[in-house]
Asks: 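Starting off with a structure, shown below.
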Amino acid sequence: MQVGLNHFLVISTALFSLGIFGIVTRRNAVMVLMGIELILNSANINFIAFARFGNFGLQGQVMALFVIILAAAEAAIALAIVLNIYKTFSTVNVDEIDTLKD
Amino acid sequence: MTEPLMINLALMILLLPLLGFVVSLFLGKRIKAIYIFELFIIILTFAGAVTLAFVKLNYYQNTDIVSQFTWINFGNIPLLGQTNIDLGILIDNIAVLMIFVVTLISMLVHIFSIAYMKGDKLYNRYFAYLGIFTFSMTGIVFTHNMLMIYIFWELVGLSSYLLIGFWFEKKSASDAGKKAFIVNRVGDLGMLAGILILYTTYHTFTFSQIFAQISAGHLPFNSEFWLTVTGILIFCGAIGKSAQFPLHVWLPDAMEGPTPVSALIHAATMVAAGVFLIVRVYPLLTSGALLFIAIIGMLSAFIPATIALTQNDIKKVLAYSTISQLGYMVMGLGVGAYKFAFFHLITHAFFKALLFLGSGSVIHAMHHEQDITKMGGLRKKMPLTYATFLIASLAISGIPLTSGFLSKDGILQGSFAFGSLTGYWIFGFVGFLVALLTAFYMFRLLILTFHGKPRDQHKYDHAHESSFSMAMPLVVLAALSIFIWYTPNPFNPEQGAILTNWIKAPQLVTPQDTRYNFMKSDVPSGSVIKTVPENSEIMYSENYTEALHQAHIPAMLLSLVLAGLGILIAFIFYQWKKVDVDKLTNSIKPLYNLSYNKWYFDEMYDAIFVGGTLMLSRFLSWFDLTIIDGIVNGSASLTRALSIFTGKFDNVVVDGFVNFVAYLSGFVGLIFRRFQTGKVQTYIVFVVFSIVILLFIFK
Amino acid sequence: MNTISLQYLVDGLKLIKPEIAVTITLVLIVIVDLIMNKNKRYLPYIFIGGLVVTLYFIVVQFSTSSFAFEFSKNLGMVIVDPFGNFFKILIAGSSIIVILFSVISNEIKEGVDRQGEYYVLMAGMILGMFFMVSSADLILIYVSIELLSLSSYVLAGFSKHALRNSEASLKYVIYGGISSGIMLFGISILYGLTGSTNLYEINSLVQASQVHGFTFVLSGLLIFVAIGFKISAAPFHFWTPDVYEGAPIPITAYLSIASKAAGFALLIRFVKITFIQSVDPNGFWHLLNIIDWKTFIIIISILTMTLGNFAAIWQNNMKRLLAYSSIAHAGYLLLGLAVLSNEGIAAILIYFVVYGFMNLGAFLVVMIISNKLGTEEIDDYDGLGSRAPFLSVALAIFLVSLTGLPPTAGFIGKLYLFLALVDAKMIAVAVIALLNTVVSLYYYVRVLKHIFLNEKAEGTAEFATSVSSVVFIALMLTPVLIFGIYFTPLVDFAKSSIALMGF
Amino acid sequence: MNIYDIIFYLFAAITILSAFFVVTTRNIVYSAYYLLFTFFGVAGIYVLLGADFIAIVQLIVYVGGILILLLFGVMLTNKITNVEIRSGSIQIVPAAVGVALFAGIVMASMLNTKWKNIETAMPSATTQGIGLLLIQQYAVVFELLGILLLVALIGAASMARK
Amino acid sequence: MTYFPILSFITFLPILGMIFILFIPKNQATMIKSVTLLITSAQVIAALFILHYYNYSLGGINDPNSFQFMEKFRWIDISGFSWIGRIKIDYFLGIDGISVPLVLLTAIITFIATLSSWTIDKQVKGYFALFLLLDTGMMGVFVALDFFLFYIFWELMLLPMYFLIGIWGGKRREYAAIKFFLYTLFGSIFILLVMIGLYFSTSETLADGTKVFTFNMLAMMNPHNYNQFGILSPLNPNNLRFIAYIFLFIGFAIKIPMFPFHTWLPDAHVEAPTAISVILAGVLLKMGTYGILRVCFPIFPEITRQLVWYIALFGMINIIYGALCAMAQKDFKKLIAYSSISHMGFVLLGMASLNSLGISGAVFQMFNHGTITAMLFLIVGVIYDRAHTREIDAFGGLMTQMPVYGGFVTLAFFAAIGLPGLSGFVSESFIFLGSFGFGLIRVLTIVSTLGILLGAGYMLWTLQRVFLGTLKEKWSSLKDLTFREYAMFIPLSLIIIFLGVYPSAMLNLMNTSVNSMVKFMADAKVMYSSLSGF
């Protein structure tokens, strides 16, 4: 089968789903962040693939670029927060940090 | 004296006692002797009443004097037009006669009470209450409309509540007051319904206007049946007030009040108000209503008479006899003996007041001992009391030369004639039977109290004849129990002015075909008719008058024989002790018990209302001395049970539902809380699931 | 690829003066913070000054309606219209109030050496929100949301020592990260379907080609996730109670107003511009028959308000209670959108102004009490009525207003909402919303019960409230009461702001 | 099946498999390394899609920046010698169900949609075009990103400084 | 006189007083109380002024020209909403024969309640501030003719009431207060909804000829003001007027309170301090029936006509049910509370008659119930102040110990029973006369008369248990009334007696209005049936 748009979409959807799976199942906060990166990557694949196959020009790529930059910024902030958590809670296991609840 | 003057005089008679009440009530604490003011007021009132009666009966014999004013103006009501509620005064013969009786007895009771109530800490308050009672009673008599009757009717209820419960510290007294008020209200409900029907139909309360419309053929709901119902409903008020069967239970209890009060309200005036009410609305009563009235009257005459045979409390005997006598009057009205019934009302008022005051005198002398089995031999100690009491007893038994003979005989005669014309012989039969019973129990009472040997020596020793203020009323009333005031012929009352000129049968306004045959008028209906027609005999047909005449002699003789028989038996039993009473009672134990326990009304009503559930209480009530409360207790306990149930229902169900809603809200909140686990990843799982669900919804 | 002249940039810059002013303020704060690293007392006032200038620029161009950075005919990156300006004013105004909050907040004072960062981050949030309410391009929307989020993640965990601060920020960042990721995925699908990220362009493309289908719904829903996250609409609200409780009070207050307002502005703009077909003379919108927004928003809003109200019944922490209450209010506000009419939008705008005052007021009082008592637990409010009558009465008025009882402004907000609903004949929904109001009364009144009805055995000494606090509270109280009985200016203001660019 | 397809499947396999390991491996450090492979795979896919510039940026930023950052995170929050470097998973079942459902729906809708699919030649160089877009149409976004980075920097510093 | 805005004055005077009180230091308790007393007595004087200048020949109801002391000016006017027209809310006050008695009642009862509040010693300032706020709310409801304004006043009294019960109440005050609050709010949201619906269905023509939607209640009463498509417009074949009526009725019925929405009342009454019980029973309950009379009836006359039987039925249930519940109570105050339910049932019954007698009776009964029940609650208050218990069975024989008090008690009790010569009799009689005159509800009326029997039963039973019989030892130190208590009882007693003897004083006030109302309701049948075929 000729590799076409759908193939890329399958990859992106798989990445997206794995990302969410990772976010909800991993205990370690850093690994949760990795899940988020997977989601962002999947969206980027979409952007570029759609732009490529739909002949939408370079806009898709610019978006992907922005997303990569944002991902970096977000990772920085998130990691700083995780470090902070580690300092106060002495753990980075997300499921153990549940003092705020009903 | 002109008509306006008479109106003013009537107003004065009406309002003076109210003034007395207000003054005595508010100054009672400050001024010790304020009762003298009240006394003065009542004497003044009586003087006014005498004047009024004199003028009216002599100069305005055939004219009714009416004066009215607009109490409430509803303005121009849509659909009905201008609507007013008028209040007014009607002075006619029966009113002035009635007012004379009321004020006279009231005055005598006032005087009697001076000595009798001496030393009571609420002495002044007592006189104030007498004042308001007189006021209310006068009001009933003078009104020209149904609404005012109802108003004063209720006020009478209030004053009787106050007077019966005068010694409110005694639970039995306050119970009796309450019972009187509530039982009366039961009757009033019927009366209210009657008034509602009348007003709804005629948009007026005034008797003359209502009668005029009825005679013009305008009937409630356009139905003769409803006219009958209206009459019966209004009569319900009389059932309550005049203590007729089945609402008679309050009257014996009401004996908890001071004895002069009993004399005033339970003998002469308040209970007579019911009879007076029937007299007032007589024109609109159909034959059905009259028959109903007659039956009620008959039952009320008979049942209490049998109960009175065995009672030992001097006042209770008198109370039952009162009911019985009132039953006579009601029955008399029911069978068409209008004039005799009203006449009996007057004569009974005097001799029954006399009996009560006499008993009061005895009780006073015996230091509030009321049990006749503990009395005896008082004849010697209290000759005056005995003499007057004897006269009254003769009167109530219907012995010639007394007033009672005249009036009672008339009623018997009427019922006899009624039987012969309609075939309802039962009324006559019961009437005569009751005459026998009355004579017996009255003389039983008299003998046990005054004859024989004292059964309680200690109390006997302290007994003494009453002082002047107590004796004087006895004498006056005894005098009024003699025939001479009413008719020159002691065997025919119709020769006196009171029955020929003063009391006149009213013109009926009911449609012809709803009347008894003997009441069918010769005058065609539809013509506007004044309350008092020119010819008072117009109410009756010729053959009624005929039947009445024919009944006169047999009825008189029969009643004489029966009364004599009753007295004789009483003497045999109690004076000469020829028959061992205890043995006799044992041999007819069931009947004795029936009488002694007042016919077990409670059991009957329990069976009707509460059925088997109150089986147990029926057994217990056997031993209960207050078994009299039967009817009221039966219905009261049902009401109370119902009220407790509704109270519970309110708390548990209605409120419970509200609380359940609140609880449910909280529960929903709790469920929502469960989602808030504090674990962020769990939240995200929820979000994922939510997205999935939303996608399924909006696909 | 056509080239665009420099004029394009210059024209664009002229129209985004408020944003530029905020940016300059941001930079200024950074610089001043660096220069005067000992004395940071002036930072908030510099910030406020900058915001006042910003407000000036907004007011000046209030009724302008055009595209900034119009790269081709009728297609621009940024929209300047009264609707956006309204929200900018709201955001800038609430920012000023929150800055003043921060000045008197103990939690913020503790981090004295990081005051600079605090205000810079706030400025970042403001900038993010400004672009959120005015962008016409999905990518700009995404970036501005991220700017807002990143700043607020940090601010939520600003206080150093508090355990719950850190936890709040961690939860916020994870939750926020994933929702913006999901949104991005949705944007990518929308891009794939239409080939554009510009809302106007998408609209015209969709109108022309009549795109239908599930994928469109999917993308719309995925985009809604992030917006729902911002406005804390159920079922995307889960972060709200935890973060509101954990964050410093000024930030909580800020999130509950400004960030929510920006989210709503974005939602309204997104729904209306992307899916509009026409607006009839009565102001009702006719949307393209792609996504059943009406049903969707009704479901979400009923869910949101019911959940918020019912869950609030059980709360013992004041901030958490207010968090749930703000969820419930989001539900009410969503109803205004569900009407899909200009009138509904007006109702939302009115509600927002009112909500801003009353919610900020409530938070302010809670903060002052927290400063004094060191607690936010409702149980500790026992007997407050006699200890601090003014604060208690003020809080009572704010809470009553939040319930929506006359004669407070909260009633006016609700009134207009229900006016809109009844006019749109959505009676059943209105009834549900009203019943929710009754439920909400219960928990608001519970607070009042603790304040006024319960008595506390120990610690009954009165505590003084500083004059500045009193004045500040009075300033918040005044509009709540005034608008309750005279709301003409409020409605006029909202009325003049409902015009969205293009429609 | 031409060379393009083979390369695609290769990268696809690398991407998906390593992504799968990222979310399942218990050891965090391994997980981070699998993430490296995922990024590589994605970069390769970018290349296949003709986005050369983005692919490079992906490598530089993701591999050079973000991944290192994450590794730092791992290091700073776990003692490397500690056995506790392994990290467990939670709520696998609900997560698996939910995600599977979700993924199924998304996948189904993606595959069943008729996307715009216009056959075009592979673009030769994208850098210039991207650059132009950045300073023209997307200038404002670009600037905003700059501010965002500044804010993120300050924020991260502030957060970590405590 | 015509230019002096007396209605605004009487309504907002308490608010001014409240503001003034807020500035008095809180330890000046006597001063606070005196100011309140001053304000409330000024209100009474103002009410008497109104009474004096009241024109008896003007009807009111639906005719804007025959309302009196009208104040009308534009309050909110927002133009430019092109799609919903202009938003216009008037500040519109005015009174007619139906509101005058209630204005008077409010003034009197508040005054009496102020006297009764003299014993309050906890947080005096707060108490009286809230008290005055409540006063404004109540007065406002009775004078407002704009629905919006009406609603504002309606809700305004909720919160003060909550606090007054909640802070100064008895043991279970919190429960009672919140129950009151939730219940009544639940009712008022329905009112709000219907109000909005009506707003969109009616429009008013302004002087310049433009048509605008309106909250004006008088405009809502004219079917010609309805527009074609309004959901509550009789012109709209698919209108929701029936449902709206039910909603509105429930909203008001909760306040009355009508079975089965009454359960807040016993709790609220029992827990509230005496003065607040007095206000609650004396004035607040009337707001429900007033609302029905002022809003439900003339705005929805055709639905009212359909539903009168049910209204009367609920009236009957209230009468009987309330009386039976009262009989089962052990708590004196709760008994009175239930008797209130019973008595308010009469008002419902009277209104359902739709004729002059019945409606006059109903309005008059509102006034009388206000004074009589106020007195009953004061009576309970007096005894509770002295004995600190309200258990009926704990007492006995108090008449001996406190004869004057006993006298007032007897008067009040008999007034409650409906004894002639006292005001309650007149109103109850007219209610019966009126409702019996309406064939449809005749049977209900007859059943309802049982209420007066039951009323006599529980009242006299209570009188007996508390005041008659022998005095219990522990009460032998109770003091009779103080001067202040005289000042509370005497005016009420005089009113009760005066109106019992001369009811025209009150009836003449409302005759014209009641007749206009009846005429309007009768005409409406034709008018509405001609509109859209029902």
Side-chain angles (χ1 to χ4, degrees), chain B residues 72-79 638-699, chain C residues 167-168 170-179 181-182 186 213-218 220-222 224-225 228-229 233-243 245-246 290-293 295-296 299-300 303 306-315 320 323-324 327 435-436 438-439 442-443:
Chain B
I72 291 164
N73 179 358
F74 278 109
N76 190 10
I77 288 187
L79 306 177
L638 180 71
T639 318
R640 205 162 304 170
L642 191 62
S643 73
I644 289 168
F645 171 74
T646 32
K648 280 271 189 306
F649 177 78
D650 197 52
N651 276 336
V652 178
V653 182
V654 183
D655 215 15
F657 177 73
V658 175
N659 289 337
F660 175 72
V661 171
Y663 173 78
L664 193 69
S665 311
F667 185 66
V668 172
L670 263 185
I671 289 175
F672 285 151
R673 271 183 86 186
R674 303 285 299 173
F675 294 120
Q676 209 69 29
T677 57
K679 295 185 175 24
V680 65
Q681 287 158 309
T682 317
Y683 299 164
I684 294 166
V685 174
F686 290 141
V687 170
V688 171
F689 272 105
S690 313
I691 297 174
V692 171
I693 291 167
L694 286 171
L695 281 174
F696 270 112
I697 295 173
F698 291 97
K699 65 172 184 278
Chain C
E167 183 179 339
L170 179 74
K171 283 181 176 172
Y172 200 15
V173 76
I174 291 175
Y175 206 102
I178 189 159
S179 47
I182 290 174
F214 183 69
T215 319
F216 218 102
V217 178
L218 178 70
L221 188 62
L222 293 184
F224 183 82
V225 170
F229 157 74
F236 313 111
H237 68 285
F238 291 103
W239 62 278
T240 318
D242 295 359
V243 172
E245 189 187 344
I290 301 169
I291 302 177
D292 187 1
W293 280 109
T295 319
F296 179 73
I299 289 177
I300 294 281
L303 192 63
T306 311
L307 201 143
N309 280 326
F310 278 93
I313 293 176
W314 291 93
Q315 300 312 317
R320 207 171 173 86
Y324 278 110
I327 293 174
L435 290 177
N436 259 291
V438 179
V439 176
Y442 182 76
Y443 59 83

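The chains referred to below are lettered A, B, ... by the order of the sequence lines, with proteins before strands, and numbering in each begins at 1.
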Asks: For T295(C), is it the side chain, the backbone, both, or neither that has a heavy atom closer than 4.5 Å to a heavy atom of chain B?
Replies: both
Asks: Do Y443(C) and N309(C) have side-chain N/O donor and acceptor atoms under 3.5 Å apart?
Replies: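 Indeed, the side chains of Y443(C) and N309(C) share at least one donor-acceptor pair under 3.5 Å.
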Asks: Given a strict heavy-atom distance threshold of 4.5 Å, which part of I300(C) is in contact with chain B: side chain, backbone, both, or neither?
Replies: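 The answer is the side chain of I300(C).
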Asks: Measure the spacing between CD1 of I327(C) and CZ of F236(C) and express it to the nearest 0.5 Å.
Replies: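 If I round to the nearest 0.5 Å, the distance is 13.0 Å.
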Asks: Using side-chain hydrogen bond (donor to acceptor under 3.5 Å, both in side chains) as the criterion, list what pairs up with N76(B), not counting sequence neighbours.
Replies: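 Partners of N76(B) by the side-chain hydrogen bond (donor to acceptor under 3.5 Å, both in side chains) criterion come out as none, since no residue qualifies.
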Asks: Go through the atoms of I299(C) and report whether side chain, backbone, both or neither lie under 4.5 Å from a heavy atom of chain B.
Replies: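 It is the side chain, since no backbone atom gets that close.
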Asks: Can you tell me which of L221(C), I313(C), V217(C) forms the most heavy-atom pairs within a distance under 4.5 Å of chain B?
Replies: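 Looking at each of L221(C), I313(C), V217(C) in turn, L221(C) comes out on top.
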Asks: Just so I understand: if I count every heavy-atom pair under 4.5 Å between each of Y324(C), Y442(C), F296(C) and chain B, which residue has the most?
Replies: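 Looking at each of Y324(C), Y442(C), F296(C) in turn, F296(C) comes out on top.
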Asks: Rounded to the nearest 0.5 Å, how far does CZ of F229(C) lie from OH of Y175(C)?
Replies: 8.0 Å
Asks: Quick one: does D242(C)'s side chain get under 4.5 Å of R320(C)'s, heavy atoms only?
Replies: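 D242(C) vs R320(C): side chains touch.
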Asks: If you round to the nearest 0.5 Å, how far is CZ of F689(B) from CG of L694(B)?
Replies: 13.5 Å
Asks: At a heavy-atom separation under 4.5 Å, does L218(C) approach chain B through its side chain, its backbone, both, or neither?
Replies: both
Asks: What residue in I693(B), I697(B), I684(B) has the most heavy-atom pairs under 4.5 Å with chain C?
Replies: I684(B)
